[in-house]
Amino acid sequence: WYQRRVRGKMIHNGNLVELGEDERRIRLFLMNDCIMSAAPTKSAWMSEAYKMVDLLELKNVTIMDVQDQKLCFKITQYPANMFLYKAETEQKKIEWVSLIKRAQQDLKEAVGDRPDIELKQSRDDIIEGTWEENQRRAKFRAEALLELPEQLDVCIAQRDFENAVRKLRDAKPDIAKLDQSSHGPEIKARIDSRLRQLTDMLTEVNMGSGMYAHGKASKKPVKQLLLLEKVTQATSLFLRNKSTNLKMSIRRIKMEGTMTLYITKLSQTFFTTVAAVGTEFKAVFSNTEAGCMPSYVSWVESELEWFADMFSRQVFPQGSVVGHGVAGECVAIALKHAGQLSMNGLDISFLMHRLLQPGISETLKRNHIQIMEASQLRAKEEHWKKCEFNRQTGDIKKLDDLLKTYNVDLSKYCVSTGDDKIYVTLCHSVISFVRSFHSYLLDAKKMYNVRVKKQLIDSITSCLQFQAFQLKLAPPDEEIRTVVSSSDMFMNKEFIPAVITFLETQVTQQPVPQIRNILDTNDML
């Protein structure tokens with residue numbers, strides 16, 4: 001079929017074993033311009049029939065002897081196909097290798113595949129010696145350029161990337177002059193195609209495993225790309241493999257102990273690694289003319305999105321409630337460790353808040369609903385009696401310390417009976433509200449950012465307004481008038497103004513007129 005269609009000349013043929021995922025017997029046909037492999041097939045009218053499997057152009061293949069396997073040889077087709085064949089005897093293998101190489105040489109001579117090129121010499125190229133010596137050197141370099149594509153094919157097939165890069169760098173001055181000769185553009189195109197293939201193979205190297213897994217070897221592919229002046233591909237390879245290593249380190253962290261302990265380990269590992277990558281990135285790409293730091297910044301942003309997603313799934317889980325204070329503490333831990341990137345000139349706090357904002361907003365909303373529901377339940381069960389505390393339990397001391405956070409003096413509302421009992425002239429619902437609201441406010445302070453300001457102010461306003469309004473609905477009974485009046489004064493004259501001051505000085509850093517309006521409304525009522 002091949003001879004009828006292409007009029008090729010048969011040089012040699014024979015049975016071989018093609019090695020790969022599945023070994024199979026094939027028959028290899030060597031023509032004067034191609035190599036064809038065929039597999040045996042059944043035929044009703046032929047005793048020996050074959051079906052063509054591969055057809056390789058002879059000028060685009062490289063034949064190599066496999067030294068560690070004395071019966072095998074390898075044929076590589078540009079740009080990426082590789083075929084490994086096994087002969088019956090070593091003598092037949094040697095015969096196949098020599099015949100293919102001879103056919104390639106005959107094909108080059110027949111079709112003129114080795115055009116003559118002349119490298120014009122500049123003053124820098126002329127060294128001491130006679131004119132004939134300089135001409136011989138120029139001719140030798142021209143011959144080396146003609147053989148360079150085949151040499152690069154062999155290096156790429158053997159994954160000898162360092163040698164391929166060295167050959168390209170040595171020939172770089174002469175490659176630049178190819179455009180000035182008659183057949184130069186053709187040779188340059190062939191070299192450029194090998195350069196692209198070499199760049200692609202170096203870019204696809206995974207430094208997280210194999211020979212590039214540890215130590216200085218992990219920097220070799222990046223170094224080779226930089227020597228080829230492929231800065232973009234070098235930064236992409238460097239950061240992609242650092243991303244793989246980072247994720248592997250994060251996945252090794254076990255979920256043990258409390259949530260805050262896990263988040264501490266997670267944040268420390270992530271941000272310490274990212275900061276170390278930045279330091280190494282500056283050292284590796286310090287000599288490049290192009291500014292590479294935008295690539296690092298973009299990488300940090302993409303990795304931060306991955307971290308925020310993992311963080312949110314642990315700290316802000318949908319359908320479940322995290323205890324008061326835990327979410328805020330976890331956010332504070334993450335933001336603290338994120339400050340490590342400041343040594344690389346990166347302030348990512350605003351980006352962190354943006355990525356965590358959906359989870360923070362949902363947590364504030366959920367905690368607000370809990371406080372409102374608890375306040376409604378306590379209001380229904382309120383007996384409007386003063387609260388009794390025992391000195392020995394320490395509950396009164398904890399309440400006093402809590403209120404000192406807002407500079408509120410609890411002693412003016414306390415009545416001592418001389419024994420271990422202390423009575424506070426505040427109703428039970430107010431004291432319980434203060435405790436739960438304090439936890440909510442501290443949690444919100446740790447998670448606060450400008451994106452949730454309106455939501456936080458609205459939530460605080462509705463909580464304070466609801467609790468203060470419940471006191472206005474107390475029954476008009478003389479026996480409870482003292483407790484109701486004392487609780488009302490505590491809320492409107494002590495606690496709400498203290499909360500406003502706390503928000504304006506420690507949280508929002510801005511006036512909160514919306515909450516101040518609560519006091520005006522309560523005074524009017």
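When a residue number appears, it is its place in the shown sequence, counting from 1. Being a predicted model, the structure only gives us computed values, none of them experimental.
- Checked by atom type and distance alone, the side chain of T272 pairs as donor or acceptor with a backbone atom of Q268 at under 3.5 Å.
- Looking only at distances, no side-chain donor or acceptor of S432 sits under 3.5 Å from a matching main-chain atom of S429.
- When all heavy atoms are compared, the tightest approach of T505 to Q509 is O-NE2, 2.9 Å.
- Going from atom OG of S459 over to atom NZ of K454 covers 9.5 Å, rounded to the nearest 0.5 Å.
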- Query: Does the salt bridge (charged side-chain N to carboxylate O under 4.0 Å, His left out) test come out yes or no for K412 and E494, once each step is laid out?
  - Reply: CA-CA 11 Å; K412 64 177 69 175; E494 300 277 357; 2.9 Å; yes
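- Using a 3.5 Å distance cut-off with no hydrogens or angles, the side chains of Q233 and D200 do not pair a donor with an acceptor.
- Once rounded to the nearest 0.5 Å, the distance linking CD1 of I431 with CG of L399 reads 5.5 Å.
- Of the inter-residue distances, the one linking E504 atom CD with Q506 atom CD reads 11.5 Å to the nearest 0.5 angstrom.
- A side-chain donor from one of S462 and H368 sits under 3.5 Å from a side-chain acceptor of the other.
- With hydrogens and angles disregarded, a donor-acceptor distance shorter than 3.5 Å links the side chain of S487 to the backbone of C427.
- Considering only heavy atoms from C-beta on, L152 stays 4.5 Å or farther from L198 through its side chain.
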- Query: Hey, mind stepping through L410 and I396 against side-chain contact (heavy atoms from CB on, under 4.5 Å) and telling me if it holds?
  - Reply: CA-CA 9 Å; L410 182 63; I396 188 67; 3.8 Å; yes
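- Relative ring orientation between F433 and F437 is described as parallel, the plane-to-plane angle staying below 30° on a 0-90° scale split at 30° and 60°.
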- Message: If you apply the rule side-chain contact (heavy atoms from CB on, under 4.5 Å), what do you find for N449 with R354, and how did you get there?
- Response: CA-CA 9 Å; N449 62 82; R354 179 177 68 82; over 6 Å; no
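- Closest non-hydrogen pair, C387 versus L426, comes out as SG-O, 3.2 Å.
- In this structure the side chain of Y406 reaches within 4.5 angstrom of the side chain of L441, judged on heavy atoms.
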- Yes or no on side-chain contact (heavy atoms from CB on, under 4.5 Å) for E256 and L261, after CA distance, side-chain angles and deciding distance? CA-CA 8 Å; E256 298 176 342; L261 178 60; 5.8 Å; no
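- Aromatic rings of Y296 and F285 (six-membered ring for Trp) have centroids beyond the 6.0 Å cut-off, not under it.
- The aromatic rings of F271 and F307 sit perpendicular, their planes meeting at an angle over 60°, well past the 30° parallel limit.
- Partner K397 forms a salt bridge (Lys or Arg N to Asp or Glu O under 4.0 Å) with one of D395, D401, D400 and no other, that one being D401.
- V452 is listed as a side-chain neighbour of Q357, based on a closest heavy-atom distance under 4.5 Å.
- Checking side-chain atoms of R240 against main-chain N and O of T203 turns up a donor-acceptor pair under 3.5 Å.
- Taking both residues in full, the closest heavy atoms of L364 and A444 are given as CD2-CB, 3.8 Å, listed atom of the first, atom of the second, then distance.
- You'll find the side chain of L239 reaches within 4.5 Å of the side chain of V277, heavy atoms only.
- Electrostatic pairing of E280 and K242 counts as a salt bridge here, judged by a charged N lying under 4.0 Å from a carboxylate O.
- Counting only distance, with no hydrogens or angles, the side chain of S361 and the backbone of P358 share no donor-acceptor pair below 3.5 Å.
- Within the 4.5 Å cutoff, no side-chain heavy atoms of E362 are placed close to those of F316.
- Of all heavy-atom pairs spanning G328 and D443, the tightest one is N-OD1, 2.6 Å.
- Panel note: side chain T461, backbone I457; a donor-acceptor pair is recorded below 3.5 Å.
- Distance check, rounded to the nearest 0.5 Å: CE of M352 to CD1 of I360 gives 8.5 Å.
- With contacts defined as side-chain heavy-atom distances shorter than 4.5 Å, the pair D309/E305 does not qualify.
- When all heavy atoms are compared, the tightest approach of M259 to Q314 is CE-O, 3.1 Å.
- In this structure, the side chains of V331 and Y448 stay at 4.5 Å or more apart for every pair of heavy atoms.
- Remark: the Q455 side chain and the K365 side chain contain no N/O donor-acceptor pair separated by less than 3.5 Å.
- Side-chain atoms of T425 do not come within 3.5 Å of backbone N or O of K386 as any donor-acceptor pair.
- Using a distance-only test at 3.5 Å, with no hydrogens or angles considered, no donor-acceptor pair links the side chain of S267 to the main chain of T264.
- The shortest heavy-atom contact between E301 and L351 is CG-CD2, 3.9 Å.
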- Check step by step if side-chain contact (heavy atoms from CB on, under 4.5 Å) holds for S236 and T232. CA-CA 6 Å; S236 175; T232 302; 5.6 Å; no
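- Residue R169 places its CZ atom among 12 or fewer non-hydrogen atoms of other residues, nucleotides or ligands, all under 6.0 Å distant.
- Within the model, atoms CG of L225 and OG1 of T235 stand 9.5 Å from one another, a figure rounded to the nearest 0.5 Å.
- Panel note: side chain T269, backbone K265; a donor-acceptor pair is recorded below 3.5 Å.
- To the nearest 0.5 Å, atom SG of residue C155 and atom CZ of residue F161 are 10.0 Å apart.
- The 12-atom threshold is exceeded at NZ of K247, counting heavy atoms of other residues, nucleotides or ligands nearer than 6.0 Å.
- Side-chain contact between Q470 and Q376 is absent, with no heavy atoms from C-beta onward closer than 4.5 Å.
- Checked by atom type and distance alone, the side chain of N241 pairs as donor or acceptor with a backbone atom of L237 at under 3.5 Å.
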